[in-house]
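All remarks here apply to the structure that follows.
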Amino acid sequence: MTIQPAPRSEGARVAIDRGGTFCDVWAFIPTHLWAPPIPVELLGNADIIPGDESDGGVQITFKLLSVDPANYDDAPSEGIRRLLQIVKKEAVPRGELYDTSLIESVRMGTTVATNALLERKGEPFGLVLTQGFKDLIEIGDQTRPDLFDLSISGKVKMLYKPEDVVQADERVTLEGWSLDPNAPGADEWIERAKAVGDDAVVMGVSGEAVRILKNLDTPKVTRDLQALYDKGLRALAVCLLHSYTFPSHEREIADIARKIGFTQVSLSSELSPAIKVLPRGNSAVLDAYLSPVLRAYVDGFNSHFAGGKAGKRSEFMKSDGGLVSSDKFSGLRAVLSGPAGGFVGSALTAYSPTRGRPIVGFDMGGTSTDVSRFGGEFELSFESVVAGVNIACPQLSIETVAAGGGSRLTYKNGMFVVGPESVGAHPGPACYRKGGDLAITDANLILGRLIPSQFPRIFGPNADEPLDLEASRSKFEALTKEINASRPGSSPYTVQEVAAGFIKVANEGMSRPMRQITEQRGFAMSSHDLCCFGGAGGQHACAIAAGLGIKTVVVPRFSSILSAYGIACASLTAEAASPFSAEVVASFEGSKTYLETQSRVDALKADVTKQLAEQGVPAGDVEFTVTIAVQYDGADTVLQIPFAPSLKQDFKDAHLRETSFSTNRKVLMSNIRVRGVGKTFNVTPTDYSAGLAEAEATLSPPSVKPSTFNQASFDTPQGVKEFSTPVYVLGQVPVNSQISGPAIIVDSTQTIVVEPSARAIVLKEHVIIRLEDPKARVETEEELSTDPIMLAVFANRFMSIAEQMGHTLQRTSVSVSIKERLDFSCSIHGTDGALVANAPHIPVHLGSMQYAVQSQHNHWLGKLRPGDVLLTNHPQWGGTHLPDLTTVTPVFEPGNDTKVLFYVASRGHHSDIGGTAVTSMNPIAKELWEEGVVIETFKLVSQGEFNEKGVRELFEKVAERPGCSATRRIDHNITDLQAAISANVRGIRLVHRLFEEFGTKTVLFYMKEIQVVARETIRDFLRATYDKFQGKALCASDYMDDGTKICLEVKINKEEGTAVFDWAGTGPQVLGNCNMPVALTYAAIIYCLRSMISPDIPMPLNQGVLDPITNLVPFGSYINPTGTVAISGSTLASQRLVDIILQAFKAAACSQGCASSTGFGSGGKDATGKVIPGFSYGESLGGGSGAGPSWNGSSCVHVHCTNTRLTDTEIFEQRCPMLLLQSAIRHGSGGRGKHHGGNGMSKLFEARAPLNFSIVSQRRVFYPRGMEGGEDGARGKNTLYRDHRDGAAAAGFSISDDGYEEIGVGSNGIAKLNTGDRVRIETPGGGGWGLAE
């Protein structure tokens, strides 16, 4: 490591990371301030790292608890107090103002902003939104975070009060729409407007034409802001529609607010000048909420020091990995402040430019684990989810999983469970001497992987005692006894086996995000090194690396405090961005767009240079990075590509790697971003590659003796074995020493476990661990028995595979339905097609996917060959409705082309499959053939060859039917089918890796065994339900809007733990589009059963859920049609099945019972039979959820069977010739009761060009029922408003005062809209629960 020498006048430099459990401190004390020896009582638990002569000083590291109210009120200032004792060689009493004149700089990463967000302790603020969009932030994207939580308790709570929202009377939109193939450019739009005297069309900042529909009403907004100020609010967030390209109105509001006296004004257009109003609005909200808290924290931190300052310079780590002076630190930039330090530290210390191997950062702390990837450049994400909130802000790409040293260990439902709850820093794990529960730290202690004498003595009431091994042992013995008692007849576990089992489950959970940041993005995991850091990481690194196929683990010297060290190594950064919408052509360098881009880059560089100059960075010391946000036309995958003449090809190459496909569509840019980096002093880690090569080439490495031996247990191929394990003190191990495992290497802040199959090489600043190639697994001939540990591992791994399949499908598709609205599902199925794992994407697919796969399995039995892929969507073959196309891929035993081992399947919603309607949700269809392409079974791929000709013929045949058009975008259909194939291929590869890791026999065994867990869980639930209702049959019924009655009776057999769901009495199928294939009854049952079982009980979702269920559905009924009637509305109508089941079990009041599938489009076959090019757009809308015995319903959410996102308003208006005039909560629509139902949603659309409109909906006739005395929710309503403002209405028409004729559309309808016509969709509310008090 190289440290820039400090002038003699300079003081100590400090870097601090305050985490959830520990506060880590790194400091550099220059030689002129260093005067050893330091008294032991002043040194405490600090480590001293002497430097070379060139370093000009020593380094100090130590840890303290982040929260220890008995000893100090603030951990970072306590850390500085302890450092001052070392520098001054004298005691510094707590409570006095500390003299920091000897400290040159203090750098900090802090969780203050994150904690304020999680604990809802931010500053009250006002919010300004565009008129009609008061509820924009509260509605969000309408999804619910946990599919099976009926109470929707995880929905993000608002950070502001509804009464503190001001609606600005203003409105702008974009001129033109991107789905128009003949759309003129922005300049032409402006010229056209000028030609007719229209000055309302102007050029936006992004280069898009903007139409000003209404200028800002400044007197009104001034009055409204003054009212907020008079209430005591001093912070304000502002987010107006399309302000990313037209920020003038936001800036006007900011000027008014500052004149009134607001001290914090957060503008969305300044914080995130990019399209998508929701993440931009969330960013403004977070900034206004957190920035005052951060300023207060910085002031409070500085109040501990004489002169009111911690050092001559004070800088904080931002979420993007750069530093900023404390006076410019803002709330939005701080939410990932702590983890960013670890990312920077791992990148700079573990990545070797000489070796060129990318690293996976593994930061295992006390409460969570952060993982990252670094390949030579810091990768930033510009949209991310923080505490459930989708925000737009540059952040390092970091994935977090709720697993750390403090993760609670429990045994539930026959499975080992790690987390997600943490025991926290106080009381902490059992071994912390404060009465805490068992945690991962206790497991490592029991296994002998932690040496109490080497661990910091910071535990107990006075924070001066070591870890308590006996407390851990006592609690593990009790847990082991409980586990063994639940497994009569099985070989009992030892305490060590139980502890090792929890470690294995935890390692599997922490590996999942590592696969996501590498394999899901097209990077081979085996090509990476693992950088292990964080206080607990060293005990897990070898095992995790082995499981991932990584051969090298890099442990930096400061691995246990690497976040603090990374903050020390970081640089001051600033950035500026500008939206710019333009096409990137092949000859980019010679284009007008290139020149305009270069001009904007120069302006942004000047802005960044000015920002850094204000923080003390000379202009000549700034290095710039320029990136362009690029995407394919009509797609939503946006990649950040370095600005270069080869921008188009660079994007195509990156897109191909990330998504596995390319296209001939136009390439568009949408944003320019400039980032400047300037160093104030240099701490540069050493490239270890030369030292590693030298050490490994040494024929006679230095001999090293262990300081002691410890009995430690390791998980080996022969089971958990105990070894007499040598323990080495890192500071006493000579450089270039090599230590073979098993071994433990310790210092005062970290413990590195070297597994038996590994070898550690000790370098000057790193410990490198090499893992041996695993020996080929030999298939066992013994009969397998169920192991609860492996059940948890396989349940985790199967679900991870299904999730990765889904991620591949989302990345490689092009349609909005799949890519943005997430209307898809992926699954793994056993040899007979039975469901093994279904990622929790869309609940309506849960039970139904299995029947689609089993239908194909039975039909093609013995006829399939490797490389075949099947396609189906028919309701009699396990389909849900025709738009949901399912691809099924069989996987064969190696060397046997006829034996299918398992299947993988992907199902995605295609918004256009032809037919008689605007979108694939056909409101007027009576029979199946009217709804588009119908496929019982089709060999999509035959032995590796994609049958594109056959696909085109399938879709084109639709146009041969009376009144039908073929799909308008066959290119979208084909690309999305190819995406589904790619997802299946991904799943196959991942399952094959399981075969290699565990053996085919074992994997197939656990495919069956996890179904047993689900089956037995359901049986236990049914028996408890029998007792709850005293053995009575459970009955319920309800009506569809066409008057059809749906009936259900559930009879439970307690002795067998089974139930019969009998739908006798249900009405017959109808000539309409809401008939439901029988597969949906299974989907509704599996969803309801999982939702009614406590989330604390781990239960894999698979065929086992349905094993105890007999489902009796009359053939030819509304919910088991014969295959001739229409079903496009079935997925929406299936909400009624869920409501009925939940009513029968008295679990919850009825929810909106709908998804209000709304469509707009143009083109298709006209009256003469001519096919007109056009577009189609559709989405479903949330409503009110039903209340329950202990919860209120939620408003404007998708419920039960679906969970798709809303398209962002700005994206919607950019793509379609439509205005969204209002998006609001339908207050008062939820049923009243002791617990009230959630409110529905109201959306008002206006056509800007002639087009078609369609709606498929329910609950427009029958109310969503309340339960236990609660009132019903309000019905929905669909209304068309004909525009007669020009006075052209026919005589006798009833026209409202504003010039519109109101027409009810009913539950299902289709209409032609003229320019200016409007449509309002009002979705139902949820039913209430219990009598209102």
Atom CD of Glu470 and atom CZ of Arg433: how far apart are they, to the nearest 0.5 Å? 10.0 Å
For a side-chain contact (heavy atoms from CB on, under 4.5 Å) check, start with the C-alpha distance between Val991 and Met1007, then their side-chain angles and the critical distance, and finish with the verdict. CA-CA 11 Å; Val991 176; Met1007 279 188 174; 4.2 Å; yes
Is the NZ atom of Lys412 crowded by more than 12 outside heavy atoms at less than 6.0 Å? yes
Closest non-hydrogen atom pair, Asn736 against Pro701: O-CB, 3.7 Å
Do Phe995 and Pro894 touch side chain to side chain, with heavy atoms closer than 4.5 Å? no
Ala541 versus Val553, closest heavy-atom pair with distance: CB-CG1, 3.8 Å
Using modelled atom types only, decide if a donor and an acceptor are shared between the side chain of Thr831 and the backbone of Leu901 within a distance under 3.5 Å. yes
Thr480 side chain vs Phe476 backbone, donor-acceptor pair below 3.5 Å: yes
Test log, rule side-chain contact (heavy atoms from CB on, under 4.5 Å), inputs Leu1101 and Arg1090: CA-CA 8 Å; Leu1101 279 171; Arg1090 184 61 188 98; 3.8 Å; yes
Does the side chain of His829 reach to within under 4.5 Å of the side chain of Leu835, using non-hydrogen atoms? yes
Rounding to 0.5 Å, atoms CG (Leu467) and CG (Asn444) come to a distance of 11.0 Å
Would you say Asp442's side chain and Ala439's backbone share a donor-acceptor pair under 3.5 angstrom? yes
Regarding Glu508 and Asn796, is there a side-chain donor-to-acceptor distance under 3.5 Å anywhere? no
Quick one, Ile801 with Ile828, criterion side-chain contact (heavy atoms from CB on, under 4.5 Å). Give me CA distance, side-chain angles, the key distance, then yes/no. CA-CA 8 Å; Ile801 292 171; Ile828 304 170; 3.6 Å; yes
Kindly indicate whether the side chain of Pro452, heavy atoms from C-beta on, has any atom under 4.5 Å from the side chain of Leu445. yes
Mind checking the CZ-CG spacing from Phe22 to Leu65? Nearest 0.5 Å is all I need. 5.5 Å
Thr369 side chain to Met364 main-chain N or O, any donor-acceptor pair under 3.5 Å? no
In this structure, which one of Arg515, Arg512, Arg993 forms a side-chain contact (heavy atoms from CB on, under 4.5 Å) with Arg797? Arg515
So which heavy atom on Arg373 is nearest to which on Phe343, and how close? O-CZ, 3.3 Å
Any donor-acceptor N/O pair, Arg770 side chain to Thr552 backbone, under 3.5 Å: no
Please answer whether the main-chain N or O of Ala524 pairs with a side-chain N or O of Ser526 as donor and acceptor at a distance below 3.5 Å. no
Report yes if some heavy atom in the side chain of Leu692 is under 4.5 Å from a heavy atom in the side chain of Glu696; otherwise report no. yes
Look at the aromatic rings of Tyr688 and His766 and report parallel, tilted or perpendicular, splitting at 30° and 60°. tilted
Cationic N near anionic O, under 4.0 Å, Lys504 to Asp715: yes
Heavy-atom donor-acceptor pair, Glu772 side chain to Arg759 backbone, under 3.5 Å: no
Do Ser737 and Tyr728 meet the criterion of a side-chain donor-acceptor pair at a distance under 3.5 Å? no
With side-chain contact (heavy atoms from CB on, under 4.5 Å) as the criterion, how do Ile1093 and Ile1018 come out once you've worked through the C-alpha distance, each side chain's angles and the decisive distance to 0.1 Å? CA-CA 8 Å; Ile1093 291 172; Ile1018 295 300; 3.6 Å; yes
Close side-chain approach of Ile359 to Val554, heavy-atom, < 4.5 Å: no
Rounded distance (nearest 0.5 Å) linking atom OG1 of Thr410 with atom CD of Glu421: 6.5 Å
Donor-acceptor pair, distance only, cut-off 3.5 Å: does the side chain of Ser486 make one with the backbone of Ile483? yes
What distance separates Leu447 CG from Phe714 CZ, expressed to the nearest 0.5 Å? 8.5 Å
Are any of the side-chain heavy atoms of Ile769 and Cys542 separated by less than 4.5 Å? yes
Passing candidate, side-chain contact (heavy atoms from CB on, under 4.5 Å) with Ile744, options Thr751, Leu450, Thr708: Thr751
Is Ser713 reaching over with its side chain to a backbone N or O of Glu722, donor-acceptor style, under 3.5 angstrom? no
Compare all side-chain heavy atoms of Leu530 with those of Met514 and state whether any distance is below 4.5 angstrom. yes
What's the verdict on side chain to side chain donor-acceptor pair (under 3.5 Å) for Tyr432 and Thr441, showing C-alpha distance, side-chain angles and the deciding distance? CA-CA 10 Å; Tyr432 276 23; Thr441 299; 4.9 Å; no
If you measure only the distance, is there a donor-acceptor pair under 3.5 Å linking the side chains of Arg408 and Ser422? no
Taking all heavy atoms of Gly154 and all of Asp149, pick out the closest pair and write down the distance. N-OD2, 3.8 Å
Give the ring-plane orientation class for Tyr1006 versus Phe794, where under 30° counts as parallel, over 60° as perpendicular and anything between as tilted. parallel
Take the angle between the ring planes of Phe502 and Phe416 and call it parallel below 30°, perpendicular above 60°, tilted in between. tilted
Decide yes or no for Val746 and Leu730: does some side-chain heavy atom of the first lie under 4.5 Å from some side-chain heavy atom of the second? no
Rounded to the nearest 0.5 Å, how far apart are CE of Met510 and CG of Leu548? 10.5 Å
Assess whether a salt bridge exists between Arg449 and Glu755, defined as any Lys/Arg side-chain N lying under 4.0 Å from an Asp/Glu carboxylate O. yes
Identify the heavy atoms of Pro734 and Pro702 that sit nearest to each other, and give their distance. CB-CB, 4.0 Å
Quick one about Gln1103 and Gln1011 (side-chain donor to acceptor, distance below 3.5 Å, no hydrogens or angles considered), yes or no? no
Using side-chain contact (heavy atoms from CB on, under 4.5 Å) as the criterion, point out the one residue from Ile561, Leu763, Leu562 that pairs with Pro556. Leu562
Is it possible for you to check whether Arg487 lies under 6.0 Å from the centre of the six-membered ring of Tyr493, through NZ or CZ, and within 45° of that ring's axis? yes
Correct closest heavy-atom pair for Gly537 and Phe362 would be O-CE2, 3.7 Å
Residue that, paired with Phe798, satisfies side-chain contact (heavy atoms from CB on, under 4.5 Å) out of Asn1102, Asn838, Ile1010: Ile1010
Just by distance, no angles: are the side chains of Arg986 and His807 close enough, under 3.5 Å, to form a donor-acceptor pair? no
Determine whether a donor-acceptor pair (N or O, by modelled atom type, separation under 3.5 Å) exists between the side chain of Asp370 and the backbone of Ile398. no
